[in-house]
Amino acid sequence: MDGEVRWRVFHESGIYLFDDSNAVFMDPVRVLNRWYQGFSVSPSTYYSRFLKSPTPNPTVINVSSGKRKRKPKEPPPLNERELVALRRHQEARPLLVAAHECLLKSTQLLNALKILKSEPTRLSTCLNGQRSFVDLQQVAPQLELTLSLRVGDAHALQPHNHSQDSPSAQCCEQKVFPAFNNLVANDTKYDAVAEILNNRYILPRESCFYMSDLGQIRNLIPAHADSGFNLIIVDPPWENASAHQKSRYPTLPNRYFLSLPIKQLTHSEGALVALWVTNREKLRCFVENELFPAWGVSYAANFYWLKVKENGSWICDLDLFHHRPYECLILGYSPGKVNNTDNQSKFEPVNNDRVIMSIPGDYSRKPPIADLLLEYLPGIKPPRCIELFAREVMAGCVAWGNEPLYFQDPKYFVKK
Ligand code: SAM
């Protein structure tokens, strides 16, 4: 692809393609901003974790301070599971290194990363002052939500005239819905604003969300498989020390995920299932041997999300055993109604081992990968997409979880 075209594609889509490579670079802020008119996602808030302080250039080699360094302690020998994990890492390593080299060679892209966080005035500097949605659902399950939608030729939803701090809706139709256990849809082509207890949340065009606990997920099963989904993205709250320590969200033991109704959510012509996993070998075994079989999903491919800083370096050493700078997205096919081998063979073979590079956002926030998967989706177009355990609402997709409005807070947006 011609360099100029590649650059234009990046500006328009947020995706930078490298020649002859399985790798892509993504600017999630650009990807998300394609869905909003009156607001745009704030780069400095999105990237706050990795754009904090200047980091040394990745090509600069550590200069010795002259002090005598202590010899590092010998690590204990690896157990059997750790050895399997190490093998997986060694298989992935050349691929990750090659992808990273593509990024480091692209001066134009590296220069663009340096200015990612520059932005206009933010809508709000603090989060809506309410309790977490998880608490709120328990103490006020009947709570209502007001949805302000732009109708007809009315102007786009505008920020407040008298207050610079929060977005509000003008010239619009207002609808009231139960906030929990209910499908709330912005089926217009414009941004909408949802209000709960005087706190506002910005919704992208053509999006919907269902805020509930896992116990109510079956309410999303369509009456007919023809209205099912052909892209199912799942980012489960896996139990791990890190999530617990930071207590950002509640986690669940693995057995709870076995009963996710993946089959029933699948479109009659099948679905691509994209599952985010951590690098724990025990979890990988669980997915391969128990979870995918319980869902009736056949393995298709493995993609890597490689996390980099604004200067292009990995976020941590590639070979750190317990903290890798990458996570995996496991892809599989759910066969839909026609559960026979013929149907399986109709699914697109997925390019294995694709590498998606980006600067990470908030803790556990995943890049918006739906566009990169479109070519592999079976069945209908435009695709019908659902994200399970979502914390943000995406255009053209149903977001389900106990806090799908988390990143829709005005804190994460700027005025256009
Ligand atoms: N994909 C998200 C993102 O990119 O920001 C991160 C999802 S995070 C790994 C898992 C989510 O599952 C959290 O928002 C958590 O609150 C939610 N969750 C935990 N327990 C749940 C339950 N019982 N029912 C519904 N959602 C739950």
Side-chain angles (χ1 to χ4, degrees), residues 26 28-29 31-32 35 41-42 45-50 127 130-138 141 179-183 201 204 207 209-220 231-262 265 273-280 283 287 291 303 305 307 326-330 356 358-373 385-395 397-409 411-412:
M26 180 192 283
V29 170
V31 175
L32 298 176
W35 308 333
V41 174
S42 151
T45 318
Y46 190 102
Y47 293 120
S48 60
R49 258 196 327 150
F50 288 95
L127 272 175
Q130 70 169 49
R131 308 161 72 152
S132 81
F133 290 113
V134 184
D135 294 346
L136 211 52
Q137 187 176 1
Q138 275 170 7
F180 300 109
N181 302 324
N182 178 50
L183 193 68
Y201 302 91
S207 63
F209 69 89
Y210 192 102
M211 182 151 53
S212 81
D213 183 68
L214 183 58
Q216 282 75 45
I217 193 177
R218 301 189 83 81
N219 296 339
L220 284 170
L231 175 57
I232 304 177
I233 301 171
V234 198
D235 187 12
W238 304 116
E239 279 187 327
N240 71 56
S242 168
H244 258 314
Q245 265 166 14
K246 299 184 184 176
S247 51
R248 299 291 170 107
Y249 51 74
T251 57
L252 288 170
N254 287 353
R255 66 178 186 281
Y256 283 79
F257 308 125
L258 292 168
S259 54
L260 280 176
I262 300 295
L265 291 169
V273 176
L275 175 70
W276 287 103
V277 291
T278 65
N279 288 310
R280 280 171 57 227
L283 183 57
V287 170
L291 193 62
F303 283 9
W305 171 35
K307 306 175 203 178
Y326 62 90
E327 285 183 45
C328 293
L329 182 71
I330 304 184
I356 303 157
S358 75
I359 302 180
D362 229 311
Y363 176 74
S364 194
R365 191 174 189 179
K366 307 299 188 301
I369 36 105
D371 282 357
L372 296 174
L373 303 175
C385 167
I386 187 165
E387 185 178 354
L388 306 184
F389 301 104
R391 284 192 301 179
E392 68 191 307
V393 182
M394 299 194 282
C397 192
V398 178
W400 169 80
N402 61 13
E403 49 178 6
L405 295 181
Y406 188 89
F407 289 120
Q408 304 310 127
D409 190 293
K411 174 193 168 185
Y412 296 102

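All values reported here derive from a predicted model rather than from experimental measurement. Numbering of ligands and ligand atoms starts at 1, following listing order.
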Study note, to complete from the structure: For P237, the ligand 1 atoms with a heavy-atom partner under 4.0 Å come out as 10 (C), 12 (O), 18 (N), 19 (C), 20 (N)
Point to revise | E387 near ligand 1 by a heavy-atom separation under 4.0 Å | key: yes
Practice item. Mark up the atoms of ligand 1 that fall under 4.0 Å of a heavy atom belonging to F407, in ascending order. Key: 5 (O)
Review point. Regarding Y249 and S132, is there a side-chain donor-to-acceptor distance under 3.5 Å anywhere?
Key: no
Practice item. Examine the proximity of ligand 1 to E403 and report which part, side chain or backbone, both or neither, has a heavy atom under 4.0 Å away. Key: side chain
Review point. Where do R391 and L405 land on the side-chain contact (heavy atoms from CB on, under 4.5 Å) test, with the steps shown first?
Key: CA-CA 6 Å; R391 284 192 301 179; L405 295 181; over 6 Å; no
Review point. For ligand 1, which atoms have a heavy atom of S212 less than 4.0 angstrom away?
Key: 25 (C)
Check your understanding: What part of W238, side chain, backbone, both or neither, has a heavy atom within less than 4.0 angstrom of ligand 1?
Key -> neither
Check your understanding: Do you know the tightest heavy-atom contact between I359 and Y47?
Key -> O-CE2, 3.3 Å
Exercise for review: Could you check W305 against S358 for side-chain hydrogen bond (donor to acceptor under 3.5 Å, both in side chains), going step by step and ending with a plain yes or no?
Suggested key: CA-CA 8 Å; W305 171 35; S358 75; 2.8 Å; yes
Study note, to complete from the structure: Near P236 (heavy-atom distance under 4.0 Å), the atoms of ligand 1 are 9 (C)
Check your understanding: atom 24 (N) of ligand 1: which protein heavy atom is closest, and how many Å away?
Key -> L214 N, 2.9 Å
Review point. Ring centroid separation for W276 and W238, is it under 6.0 angstrom?
Key: no
Exercise for review: Tell me, with the steps shown, if L260 and L291 meet side-chain contact (heavy atoms from CB on, under 4.5 Å).
Suggested key: CA-CA 10 Å; L260 280 176; L291 193 62; over 6 Å; no
Check your understanding: In this structure, which one of Y406, F407, Y201 forms a ring pair (Phe, Tyr, Trp, His ring centres under 6.0 Å) with F133?
Key -> Y201
Review point. What is the closest protein heavy atom to atom 23 (N) of ligand 1, and at what distance does it sit?
Key: D213 OD1, 2.8 Å
Review point. Does a side chain donor of either Y210 or N182 reach within less than 3.5 Å of an acceptor in the other side chain?
Key: no
Check your understanding: Between N402 and ligand 1, does any nitrogen or oxygen pair lie at a separation below 3.5 Å?
Key -> yes
Exercise for review: May I ask you to check if ligand 1 and E392 share an N or O to N or O distance below 3.5 Å?
Suggested key: no
Review point. Does ligand 1 have a heavy atom under 4.0 Å from the side chain of W400, from its backbone, from both, or from neither?
Key: side chain
Check your understanding: Is there a side-chain contact between I369 and I356 (heavy atoms, below 4.5 Å)?
Key -> yes
Point to revise | Element-labelled atoms of ligand 1 that are located less than 4.0 Å from some non-hydrogen atom of S364 | key: 3 (C), 4 (O), 5 (O), 6 (C), 9 (C)
**Study point:** Residue, atom name and distance, where the atom is the protein heavy atom closest to atom 5 (O) of ligand 1
**Key:** R391 NE, 2.8 Å
Exercise for review: Identify the protein heavy atom lying closest to atom 4 (O) of ligand 1, giving its residue, its atom name and the separation to 0.1 Å.
Suggested key: K366 N, 2.8 Å
Practice item. For atom 10 (C) of ligand 1, state which one of L252, I217, T251, D235 supplies the nearest heavy atom. Key: D235
Practice item. Could you check atom 9 (C) of ligand 1 against the protein and tell me its nearest heavy-atom contact, residue, atom and distance included? Key: Y249 OH, 3.2 Å
Exercise for review: For residues Q408 and V393, report the shortest heavy-atom separation together with the two atoms involved.
Suggested key: OE1-N, 2.8 Å
Review point. Are the aromatic ring centres of F389 and W400 under 6.0 angstrom apart?
Key: yes
Revision key, fill the gap. Heavy atoms of M394 and P204 approach each other most closely as C-CG, 4.1 Å
**Study point:** atom 19 (C) of ligand 1 - nearest protein heavy atom and its distance
**Key:** P250 O, 3.0 Å
Study note, to complete from the structure: shortest atom 11 (C) of ligand 1-to-protein heavy-atom contact is with F389 O, 3.7 Å
